[in-house]
Amino acid sequence: MATASLTEYLFMSGILFSIGLAGVIIRRNIIVIFMCLELMLAAASLTLVAFSRENMVAGLPDYNGQMLVFFVITVAAAEVAVGLAIIVALYRARQTVNTEDLTSLQG
Amino acid sequence: MNQPLLLLVLPLLSAVVIHFLLKQKMASIAAVLGTVFTAATLGISLMLLGKEATTVDLFNWIQIGRLDIGINLELDQLSTGMMVVVTGIGLLVHVFSLGYMKDDDAKARYFGNLSLFMFSMTGIVLASNFIMMFIFWELVGLSSYLLIGHWYQKESAADAAKKAFLSNRVGDFGFLIGILMIWGVSGTVIFDNMSITAGTPFLAAAVLLVFCGAIGKSAQLPLHVWLPDAMEGPTPVSALIHAATMVAAGVYMMARFFYSVGLDAIPECSAMTIAWIGGITSLLAALMATQQDDIKKILAYSTLSQLGYMIMAVGLLAPEAGMFHLYTHAWFKALLFLGSGAVIYACHHEQNIWKMGGLLKRMPITAITFLLGTLALTAVPFTSGFYSKEGILHAAHEAHSPLLYVAVAVAALTTFYMFRLFFIAFLGSARSHGSEDAKEVGPFMLLPLVVLATMAFASPLLPKLFPSLENIDIHFMPDLANGLVQMSLGAFAVGFAGAFVLYKGKTSDPLAKNGLMKVYRNKFYIDEIYAKLIKVFQDLLAAVVHFLDEFVINGLVVGGLTRLAQGTGNIFRNKMQTGSLQNYAFLFGTGIILVIYLTVFL
């Protein structure tokens, strides 16, 4: 079975990251922004896995990196729980999750 | 310890001890200490007389490349002779002060400052190089300031002290530049090593700048204004500092300088300038003196006039004549000042001559010594003034200069104003309570008067006391066939006759209404002109400074910086801090990309 090369992984990760970044910058709904953020995190994790797979230790891929990604996903899940809780609290306080209405920090 | 060093150390020691240890609590001890130490320096000066010229090296102060400045003492005829004058008159003034300042509240400060002055003056006289002389030059300026302002509670005294100090600063500024220029020309500041051959324009400028120092210290035009005001100080101080020694330091310095450089090397244009400044000063000061009412002011203008004479002699390249006049003048002018001090003391601090009168009967010894001083100042034959003034007239005659006529006119005016003073203050009848109960002063004050009166006659008879006097031969009997002697006697006769006719037995000034006399009385309005000029320049300067402060500093620098910071802040606030989350994220991302680009690709 032909496996994807490192370049293809990195390319894929770059596309994912760019989509995430564009979403963060362009979209107005905080929940979508939050999802895009997660997308960027996933892109970064993908890079990590790709590199660790390429890094051969004693004839085998370096599994330490791949193990780390499990932890990242776990932490990300916890982070999502906190983030969504904040968004719910925000909605309760302001009755909106649209960033155009949330400009009270304007100088 | 060698004797010349003691000359310098004793007065300093006395000043330090009086100022820091004795203070006002032990004022009487301070007075005696100052007097005794001065007597000791006089003894040393007399011992040093007539010895071979030497230089006593004390220590090397600065040595940088060719610049070599030491604190060394120059002992030659010029300096040892001058030391006798300084310490001799200094001693008599100390003795006089024992009586005059008996009840002063700040007697210790007075004697301490007097010692400080003796120290500084000794330094000037014995200095072996220009830099050392300049240091002590400033020190006499300081002690003069302290002593003029002795009664600083009086506003006029404090102002006079400031005026003296500031006028001297103006002259000293030129003096310092002159010293540097002389160093540039001759490569040394040591008097003994100075030899300049070519009379370049640079040297001419340097000589005139050095002369600036003498203009300030010896109160020549246009910086003469401080000396009459300096009479606010105690009278013995006026006698010592502002008549006999410090103001003569300018003449001494010029003589020392001219001898070091060599008379032939002095450019003629600067010598002529010096001579004319001296001549004009002596004439104007004599004219001013004719209309003064304050006994000390008359003597002050007379001092100005005589200093002008000496400067004129120096400018005519006859420093020996100038120094000889300095030497004789120091004794009889100190006599006149101390005499006036005794009169002022006896008349309960009355200085207006129109409120005196009849003092000859009440204080005969003072009056007679004063008369003797007057005769010496007016150059009556057989007095010291006659011989020294003849020396100056002779120098002017030799130079074929029209200054001769100026000098003769000044001689006539001198006789006129001195006898005006004598007729009004000492003859006639008492015109105020002060002069009615005037009594002869005590022995401490009389003794110096008598000694000085003797010196007014005897000083020319102590030959070789003074520098290079070989050139001046003193004919004891005046040579009546000599044209100069005739002129001198004629001037005396004219002046005396004028004073006799106008002022004998008068109770008010018959010339007071005359318009020209008013100009003299008001000193040619020079003080007023200076006040105006200074005001104009000060206002101009103030306007410029105000402009700089208001528009450049406040408007551009301080205000500009605040406006710049404020403007930048506003731009950032409006354009960046929008409150929009996306905007922040975008800026954040752009920033990171920029940083990565800069660190990785550049």
Side-chain angles (χ1 to χ4, degrees), chain A residues 6-7 10-11 13-48 51 76 79-80 82-107, chain B residues 166 534-602:
Chain A
L6 177 65
T7 322
L10 290 183
F11 191 70
S13 150
I15 288 172
L16 276 179
F17 189 86
S18 304
I19 292 169
L21 185 62
V24 165
I25 289 170
I26 294 164
R27 299 301 297 262
R28 292 287 178 261
N29 191 320
I30 288 190
I31 295 177
V32 178
I33 290 173
F34 198 59
M35 281 154 59
C36 292
L37 265 178
E38 290 302 316
L39 205 58
M40 285 161 77
L41 192 64
S45 302
L46 183 60
T47 322
L48 186 58
F51 276 119
E79 180 222 312
V80 167
V82 174
L84 283 174
I86 291 174
I87 292 170
V88 169
L90 182 70
Y91 182 78
R92 281 187 181 158
R94 308 291 294 269
Q95 310 302 320
T96 177
V97 285
N98 193 335
T99 54
E100 277 174 342
D101 303 328
L102 298 168
T103 56
S104 59
L105 274 179
Q106 186 176 19
Chain B
L166 290 177
I534 289 171
K535 188 175 179 308
V536 167
F537 280 111
Q538 225 163 18
D539 284 354
L540 195 69
L541 185 71
V544 170
V545 170
H546 178 255
F547 174 79
L548 284 178
D549 185 50
E550 191 74 350
F551 294 98
V552 178
I553 308 264
N554 196 17
L556 284 176
V557 179
V558 179
L561 281 177
T562 53
R563 272 196 290 280
L564 184 70
Q566 213 167 24
T568 328
N570 276 338
I571 290 170
F572 278 108
R573 193 163 60 83
N574 291 334
K575 302 281 177 221
M576 307 224 159
Q577 204 169 344
T578 52
S580 150
L581 197 59
Q582 268 82 26
N583 204 7
Y584 292 157
F586 174 71
L587 287 173
F588 179 66
T590 327
I592 286 180
I593 290 166
L594 198 68
V595 168
I596 291 174
Y597 176 76
L598 289 178
T599 47
V600 176
F601 297 101
L602 283 185

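In this text, all values refer to a predicted model and were calculated from it rather than measured experimentally. Chain A is the first sequence line, chain B the second, and so forth, proteins listed ahead of strands; every chain is numbered from 1.
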Got a list of side-chain donor-acceptor pairs under 3.5 Å for residues 590-599 of chain B, not counting sequence neighbours?
from   : atom 1 : to     : atom 2 : distance (Å)
B:T590 : OG1    : B:F586 : O      : 2.4
B:T599 : OG1    : B:V595 : O      : 2.8
B:T599 : OG1    : B:I596 : O      : 3.2

(message) With side-chain contact (heavy atoms from CB on, under 4.5 Å) as the test, pick out the partner of B:L581 among A:L102, A:I25, A:T99.
(response) A:T99

(request) Please name all residues satisfying side-chain hydrogen bond (donor to acceptor under 3.5 Å, both in side chains) with A:E79, sequence neighbours left out, ordered by chain then number. (result) none

(request) Sort A:R27 into side chain, backbone, both or neither according to what part of it lies under 4.5 angstrom from a heavy atom of chain B. (result) backbone

(request) For residues B:Q582 and A:I33, report the shortest heavy-atom separation together with the two atoms involved. (result) NE2-CD1, 2.7 Å

(request) Could you tell me which portion of A:I26 (side chain, backbone, both or neither) has an atom closer than 4.5 angstrom to a non-hydrogen atom of chain B? (result) backbone

(request) Looking only at non-hydrogen atoms, find the nearest pair between B:A585 and A:V24 and report the distance. (result) CB-CG1, 4.0 Å

